[in-house]
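Given the structure is predicted, the values throughout are model-derived calculations rather than measurements. Order of the sequence lines sets the chain letters (A, B, ...), proteins ahead of strands, with each chain counted from 1.
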Number of protein chains: 2
Amino acid sequence: MAVRGRPRGFDAEAALDRAVEVFWRQGYEGASLTDLTEAMGINRTSMYAAFGNKEELFHRAVARYAEADMAYAREALTAPTAYEVVESFLRANADALTRADRPSGCLSVQGALAEGGDSGRIARFLADSRLAGERALAHRLARAVEDGDLPAETDPHALARYVMVVSEGNAVHAAAGATRAALHATVDIALRAIPRIPAHAAA
Amino acid sequence: MAVRGRPRGFDAEAALDRAVEVFWRQGYEGASLTDLTEAMGINRTSMYAAFGNKEELFHRAVARYAEADMAYAREALTAPTAYEVVESFLRANADALTRADRPSGCLSVQGALAEGGDSGRIARFLADSRLAGERALAHRLARAVEDGDLPAETDPHALARYVMVVSEGNAVHAAAGATRAALHATVDIALRAIPRIPAHAAA
DNA sequence: CCTTTTCTGTACTGTTCGGTACTTAAGTCG
DNA sequence: CGACTTAAGTACCGAACAGTACAGAAAAGG
C-alpha cells in the first residue's frame, strides 16, 4: 500500500453519489461546478484532481447511476418468461422514477436531450447507453421467441423498443410530476400490447 | 393605421419560425441569444424590442410550434372512433418527429427536462402544455366511452396518459436518431393496447 | 423643412461558466 | 528532523451568458 502524499479528505464514492443527484435533478448543462462541488462537500480543485473534469465526472456519475439505480433492469432480464421480464422491468421502472428519496424521472432521459454546445456529445452518450439497455432486452426477447415463449412472428427488437419507449415516456411524465400510481396505470395498459402464448406450451 | 416611427425591417413571424427551429434543436438553455438572433437574421436589440426577452420569445415560439407543428394533434381528435383518434395521433406524431425538414423529436419534450436555474419554470411550462394536450385527448376518449365506442370500464384519463407516454417515448427515441419506420413499428405494438368494441355496436 | 417616433447597430454592463496557477496543509520516507 | 509527495483552498483566468445604453437611421406628422 503506502500512499505517499497527503491523504484524500473525502470519500470519492460518497461524493460521486451526491454528484449523481445533482446531475439527475439538473441535467448535465444545468449542473454547474459550483452546484456540484457544494453538494459533494468538496473543493473545486479536489473535484478536478479526483475526477478529471465535468464531463468525466458525468460519465462516472452515469456509470454509478446505471450500477446502483438501474440494477432492477438487469434483474428483470432474469425473469422466467418474456412477459414477466417486461412487467418486472416496467413495474420496477415506475417505482424507480418516483422514489421519494431520489429525484423524479431518469438521469439518462433528463440528463440531456437538446444538442446545443457540448450537449451534443452528452446527448449521444446517453442515447447510446439507453440503446445498450434496449439491445440487452431485445436479446432476452429473441431468446424468448426461440424458446416459444413469444409468438414466432414476434420481432424482438421492435418489442424491446416499444418497452423502452414506454419506460422513457413514463420518465418524461415522472419528471413532470406524475404520481407512482399514474405510472403503474400506464404500465397496466402498456402490458396489454405484450403478446402471450395461449398457455399450452408451458411445461 | 398610420404607424408612426421607422418601420420594422424584418418579418416577425418568419423570424419566430427560425427561433422555433433553434429552440427545438438546442432546448431553452442551450439556445443562446447569439444563436437565436443569428438564425433569425436580426439584431439583438431588435429581438428585445419585438419579443421582450428570451423567455417571452420562447413562449411565443412554443405557441407557434403548437399551432403549426402540432396541428395534427387537434386534427386527430376529430376522427370518428377512439381507436382512429389514437392511431391518427400516433401515426402523425411519428411522422412529425422524423420530418426531414425539421429537427428530430419534439420541442415540448426536448425543450427542457432538467430543473436547474430558470429551467424549472420552463420545464413546468412545457409540462403544463403537454398536460393540456393529454386532457384534451382524455376528454375525447371520455366521450367515446359515453358513446359506447370504448368499453364502459375504460378509464379515459389513464388511456390518454398511455397514449401521451408512447408519443413522448417516441419523441425521446426520435431525438436519439430513431428512424420513422422504427417509430411506426412501435406504434403498431402500442395500438394493440387500445381497447376495441367487438364490432357489433357499429351502425 | 424639422420634430417626433420607432427601429437598427455597436459596444458595453455585470454575472456566471468551466478550468487552473499557486500557496498552504497533511501525510510518508529517509 | 527535513525532503518529498499529494491534497485542499484561494484567487484568479478568458470566454460566454442575458440584457442594455446610446448613437444613428428611417419613416410619419406637422
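- For C:dT8, one of the phosphate oxygens OP1 or OP2 lies less than 4.0 angstrom from a side-chain nitrogen or oxygen of B:S46.
- Straight-line distance from the CG atom of B:L57 to the P atom of D:dG19: 10 Å, rounded to whole Å.
- In this structure, the CD atom of A:E29 is 11 Å from the P atom of D:dA18, given to the nearest Å.
- Considering only heavy atoms from C-beta on, B:R44 stays 4.5 Å or farther from B:L36 through its side chain.
- Look at CD on B:E38: it is 13 Å from P on C:dG9, rounded to the nearest Å.
- For the ring-ring contact (aromatic ring centres under 6.0 Å, His included) with B:H59, the lone residue among B:Y28, B:Y65, B:F51, B:F125 that qualifies is B:F125.
- Under the 3.5 Å distance criterion, with hydrogens and angles disregarded, a donor-acceptor pair is assigned to the side chains of B:Y72 and B:N93.
- In terms of position along DNA chain D, the nucleotide closest to B:T34 lies nearer the 5' end than the nucleotide closest to the other residue of the pair B:T34 and B:G5.
- Taking the side chain as every heavy atom from C-beta outward, A:I194 and A:V163 approach each other to under 4.5 Å.
- Residues A:P151 and A:I197 are in side-chain contact: their nearest non-hydrogen atoms beyond the backbone lie under 4.5 Å apart.
- Among pairs with a residue in residues 131-154 of chain A, those fulfilling side-chain hydrogen bond (donor to acceptor under 3.5 Å, both in side chains) read A:E134-B:H173, at least two apart in sequence or across chains.
- Distance, B:Q26 CD to D:dA18 P: 11 Å, rounded to whole Å.
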Between the protein and nucleotides 20-22 of chain D, list every N/O to N/O distance that falls short of 3.5 Å.
none

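- D:dC17 atom C1' lies 16 Å from atom CD of B:E55, rounded to whole Å.
- Whole-Å rounding puts the A:E56 CD to C:dG18 P distance at 15 Å.
- DNA chain D lies under 4.0 Å from at least one heavy atom of each of the following residues of residues 7-19 of chain A: A:P7, A:R8, A:G9, A:F10.
- Here the nucleotide nearest the side chain of A:R6, chosen from D:dC17, D:dA8, C:dG19, is D:dA8.
- In this structure, A:K54 atom NZ and D:dA16 atom C1' are separated by 13 Å, rounded to whole Å.
- A salt bridge does not link B:E56 with B:R60: every distance from a Lys NZ or Arg NE/NH1/NH2 to an Asp or Glu carboxylate oxygen is 4.0 Å or more.
- Side-chain contact, B:S167 with B:N170: no donor N or O sits under 3.5 Å from an acceptor N or O.
- If you take CG of A:L33 and C1' of D:dT10, they are 16 Å apart, rounded to a whole angstrom.
- Looking at B:D188 and B:R91, a side-chain N of the basic residue comes within less than 4.0 Å of a carboxylate O on the acidic one, giving a salt bridge.
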